[in-house]
Participant: 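Before I ask anything, let me first share the structure, which is written out below as structure tokens.
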Amino acid sequence: MAGDSEDPNDETQYHLEVGPEDVADAVLLPGDPDRIETITDRWTDPVEVARHREYRTVTGRYDDVPISVCSTGIGSPSAAIAVEELARVGVETFIRVGSCGGIQPDVDVGDLVITSGAVRQEGTSEEYVRSDYPAAASHEVIAALVAAAERLGHEYHVGVTMSADSFYAGQGRPGFEGFEAAGSADLIDELREANVLNVEMEASAILTLANVYGLRAGAVCSVYADRTTGEFRTEGDDRAAATATLAVALLARMDAVVAASEADRWHPGLSLE
């Protein structure tokens, strides 16, 4: 019965309750289970294949390409479980679709941030690999997300993300009754000076695990909070969802181009038309 075994080699995964036939090769990873309808609204025949705890998984098609989405909840520990168990059932491409806080003056609420790499200020990935191992996004996923945002006409930025383990102290916000963690008052300024674009809670673990396992991953987040002005609006979810979905279709075309060519991997010299 689904979920009865915690054996990581069991065909049906313990937390996600999915098997190899339930998911596509590429999976989108939002945090919020309620964001799934925003993502699947443009798909053909989306079907919920599993739902357990924070993990809700739906599979369908877009532009005749199989595609899945699995919510991860909040934070890197639960996101890492999703990557682990999806990898075990054959998933090869992961794209985080989330929300974030922008920390540069030109990153506005509603814009998209496409992650090229991430500052690993979360503890989950350190339980897999040394702290100086880079959390880098796949160049193919970055290219597909950029191409998708361009084709859809969305405002976007590409650069470094910081992933934290907490929404409050770990992102330089005051805690209960104004508590300030050591160094939190200067955190955002230091990240801004280092040209970090945004702050969220899952990307670095997803990217690190994908690299460790030889898989490809990326992230696109809508900016909810402008940390330079204090503005906050839950805006841009649909743009992030559309960009990530189109990126999966573009990745399928990229893979087909590589298969038909003498190239070892996709590069900008290969056409997608």
Side-chain angles (χ1 to χ4, degrees), residues 28-35 38-39 54 71-79 95-125 135-137 142 145-146 149 154-176 178-208 217-244:
L28 307 185
L29 301 174
D32 186 355
D34 289 338
R35 197 173 287 156
T38 302
I39 292 172
E54 64 263 54
S71 58
T72 65
I74 297 176
S76 290
S78 59
I95 301 179
R96 165 158 160 70
V97 187
S99 58
C100 66
I103 63 174
Q104 294 294 339
D106 63 334
V107 178
D108 298 323
V109 170
D111 287 359
L112 301 179
V113 176
I114 296 169
T115 299
S116 59
V119 179
R120 294 169 55 200
Q121 195 171 304
E122 40 76 26
T124 302
S125 63
I142 297 170
L145 288 168
V146 168
H154 298 327
E155 291 293 328
Y156 70 94
H157 311 264
V158 180
V160 177
T161 293
M162 186 274 271
S163 298
D165 258 345
S166 73
F167 183 80
Y168 294 99
Q171 297 185 35
R173 293 185 175 97
F176 176 60
F179 169 80
E180 288 191 6
S184 65
D186 300 321
L187 175 64
I188 297 301
D189 286 341
E190 290 176 1
L191 292 168
R192 187 180 296 122
E193 286 295 319
N195 203 30
V196 175
L197 298 186
N198 64 321
V199 177
E200 51 81 83
M201 297 179 66
E202 293 86 15
S204 68
I206 293 169
L207 299 179
T208 299
V220 56
C221 289
S222 54
V223 177
Y224 276 11
D226 184 338
R227 299 295 300 276
T228 67
T229 66
E231 182 182 7
F232 183 93
R233 295 196 312 275
T234 55
E235 183 178 323
D237 284 350
D238 187 68
R239 292 189 282 276
T243 299

Participant: Please find the pair of heavy atoms, one from L187 and one from G172, that lie closest to each other, and give the distance.
Facilitator: CD2-N, 3.7 Å
Participant: In the structure I gave you, are the side-chain heavy atoms of V107 and Y156 within less than 4.5 Å of one another anywhere?
Facilitator: no
Participant: Assess the residue pair V160 and S116 against the criterion (side chain to side chain contact (heavy atoms under 4.5 Å, CB included)); give the C-alpha distance rounded to whole Å, side-chain angles, the decisive distance to 0.1 Å, and a yes or no.
Facilitator: CA-CA 6 Å; V160 177; S116 59; 4.3 Å; yes
Participant: With a 4.0 Å cut-off on N to O distance, would you call E200 and R96 a salt bridge?
Facilitator: yes
Participant: Would you indicate whether the side-chain heavy atoms of V220 and T115 approach each other to under 4.5 Å?
Facilitator: no
Participant: Verify whether one side chain among S204 and E122 offers a donor that lies under 3.5 Å from an acceptor in the other.
Facilitator: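 Distance-only check passes for S204 and E122.
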Participant: Roughly how far, to the nearest 0.5 Å, is the CG atom of L145 from the NE2 atom of H154?
Facilitator: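 Rounded to the nearest 0.5 Å, the NE2-CG separation comes out at 11.5 Å.
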Participant: Is the shortest side-chain heavy-atom distance between S99 and C221 below 4.5 Å?
Facilitator: no
Participant: Taking side chain as C-beta onward, heavy atoms only, is L207 less than 4.5 Å from R120?
Facilitator: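 When only atoms from C-beta onward are counted, R120 and L207 do not touch, as no gap falls below 4.5 Å.
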Participant: When you check the side-chain N and O atoms of N198 and T161, is any donor under 3.5 Å from an acceptor?
Facilitator: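 T161 and N198 do have a side-chain donor-acceptor pair below 3.5 Å.
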Participant: Given side chains that start at C-beta, do those of S184 and R173 come closer than 4.5 Å, heavy atoms only?
Facilitator: no
Participant: Can you find a pair of side-chain heavy atoms, one from M201 and one from Q171, that are under 4.5 Å apart?
Facilitator: yes
Participant: Are the side chains of L29 and I95 in contact, using a 4.5 Å heavy-atom criterion?
Facilitator: no
Participant: Report the distance from atom CG of D165 to atom CD1 of I74, rounding to the nearest 0.5 Å.
Facilitator: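 Output value for this atom pair is 12.5 Å.
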Participant: Take D108 and E155, measure what side chain to side chain contact (heavy atoms under 4.5 Å, CB included) needs, and give me the verdict at the end.
Facilitator: CA-CA 9 Å; D108 298 323; E155 291 293 328; over 6 Å; no
Participant: Applying side chain to side chain contact (heavy atoms under 4.5 Å, CB included), run through H157 and L112 and close with a yes or a no.
Facilitator: CA-CA 6 Å; H157 311 264; L112 301 179; over 6 Å; no
Participant: With side chain to side chain contact (heavy atoms under 4.5 Å, CB included) as the test, would you mind laying out the steps for E235 and V223 before giving the verdict?
Facilitator: CA-CA 7 Å; E235 183 178 323; V223 177; over 6 Å; no
Participant: Considering only heavy atoms from C-beta outward, does the side chain of V199 approach that of C100 to under 4.5 Å?
Facilitator: no
